[in-house]
Amino acid sequence: CCSFGIPTALKGWMLLPYREPGILSGYRPAGLSAGACLRSVFQLSNETLNIWTHLLPAGYFLGTLVRRLRAARADPGARALLLFLGTCCLYPLASGGAHALGAMAGPGRHRGYCCDYAALGLYGLGSALAYSAYAFPLEWVGSTFHDFYVPVAVVNTVLSTGLSCYSRFLEAERPRLSKASRILAFVYPYIFDSIPIFYRLSRCAAGGCSEGSIRLHFRHSLCALLTFLILTSRLPERLAPGTFDLIGHSHQLFHVCGILGTHFQLEAVSMDMAERRGRLPIPSSLETFGSLGIGAAASLAILGICFLRLRPEPISREKAH
Ligand SMILES: [Zn+2]
C-alpha cells in the first residue's frame with residue numbers, strides 16, 4: 001500500500017481546505033454530504049456555473065444522440081458516429097457530476113474527478129473512432145498508420161486515464177506536479193488523435209482543399225488550443241483575484257470553450273460522414289464496439305483501483321494528524 005507516497009497524500013487532504021488560486025470567495029463548505037452537494041447545484045457558489053456549463057450541453061448532446069439513433073440505428077456506417085456521440089454525452093455529464101460532488105469530504109471529491117477523467121479519456125477514444133471512420137486523409141486510408149491508429153488510441157486512453165487519476169493522489173502535497181501531469185495526460189492523446197486532422201488542415205493551408213468540413217475542423221482545433229491556453233494561463237482571475245469568483249473565471253471559460261469545440265467537432269465529423277461516404281471502409285463492429293469496450297473496461301478497472309486506494313481515513317488517524 002505504501003508505494004507512490006499515497007498514504008501521506010491521504011493525510012494531506014484531510015487538513016487542507018481546497019482553494020483555487022485567484023478565486024477568493026464563493027467556496028462551498030468542505031466536507032458536505034452527497035445530498036448537500038447535489039442541493040448546492042441550485043445555489044450560487046464558485047462551482048455553480050462549472051456544473052451547469054457541462055450539464056446543459058450533456059442534455060443537448062443526449063438529445064442529438066437520441067435523434068441520430070432513431071434516424072441511423074440500422075446503418076453500420078453510422079456506428080462510429082453514434083459511439084462518438086455517446087462519449088460526447090458522457091464526459092460533460094461526468095464532469096458536471098464531479099463538480100457537483102467536489103465539496104464532499106476527502107475521497108468522495110477525488111472519486112468524482114477520477115470518473116470525470118475516465119469519461120474524458122473515453123471521449124478521446126470516441127473521437128479517434130470517428131476520425132478513423134470518417135475524417136482520415138484519403139491518401140492514408142489502409143496505411144499502416146491507419147491500421148494501428150485506433151489500437152494506439154485505446155492504449156493512450158488507458159495511459160491517460162491512469163495518469164490523470166494518479167494525479168489526484170498528488171494534489172494535496174504537490175499541486176503543481178498534479179496539474180502538470182493531468183495536462184500532459186490529456187494533451188498527449190489529443191495530439192496523437194488529431195494527427196489526421198492536423199494533416200488535412202496543413203494540406204489545406206498549402207492550398208489544396210475542397211472539403212466543406214475543413215472550416216469546422218479548423219474551428220474545433222482552435223477551440224482546443226483556446227481551452228489549453230485558458231487552463232494553463234488561469235486568466236482572467238490571475239489578473240484580478242477575487243473579481244471572477246462566481247462568474248467568468250478560467251474554469252468556466254475552459255468548459256464553455258471545450259464544449260463549443262466538441263460541438264464543432266461533431267458538426268465536422270457529421271459533414272465528413274456525409275461528404276465522404278463510400279470513400280472510406282466501414283469499420284467492423286469489433287473495431288468500433290470492441291475498441292470502445294476495451295477502453296471502457298480498462299478505465300473501469302483503473303477507477304476500481306483508485307476507489308479502493310481512496311478509502312476514507314479511520315477517524316482516530318484523522319484526529320491524530
Ligand atoms: Zn471542469
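Every number for a ligand or one of its atoms is a count from 1 in the order of the listing. Values below: every heavy atom of this structure, side chains too, minus hydrogens, waters and symmetry copies.
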Worksheet item: Taking atom types as modelled and ignoring hydrogens, do the side chains of Q265 and T262 form a donor-acceptor contact shorter than 3.5 angstrom?
Response: no
Fill in: Exercise: do S213 and Y134 side chains pair donor with acceptor under 3.5 Å
no
Response to the item:
Of Y149, Y131, F198, F148, the one forming a ring pair (Phe, Tyr, Trp, His ring centres under 6.0 Å) with F192 is Y149
Practice prompt. Verify the distance criterion only: is there a donor paired with an acceptor across the side chains of S132 and H146 at less than 3.5 Å?
Written response: yes
Discussion item. Connecting only ILVMFWY residues whose side-chain heavy atoms lie within less than 4.5 Å of each other, what is the rest of L159's hydrophobic cluster?
Written reply: V155
Item to complete: Could you please tell me which protein N, O or S atoms lie under 2.8 Å from the Zn ion (ligand 1)?
Response: H99 NE2, H251 NE2, H255 NE2
Worksheet item: Hey, is the main chain of Q43 close enough, under 3.5 Å, to the side chain of T48 for a donor-acceptor pair?
Response: yes
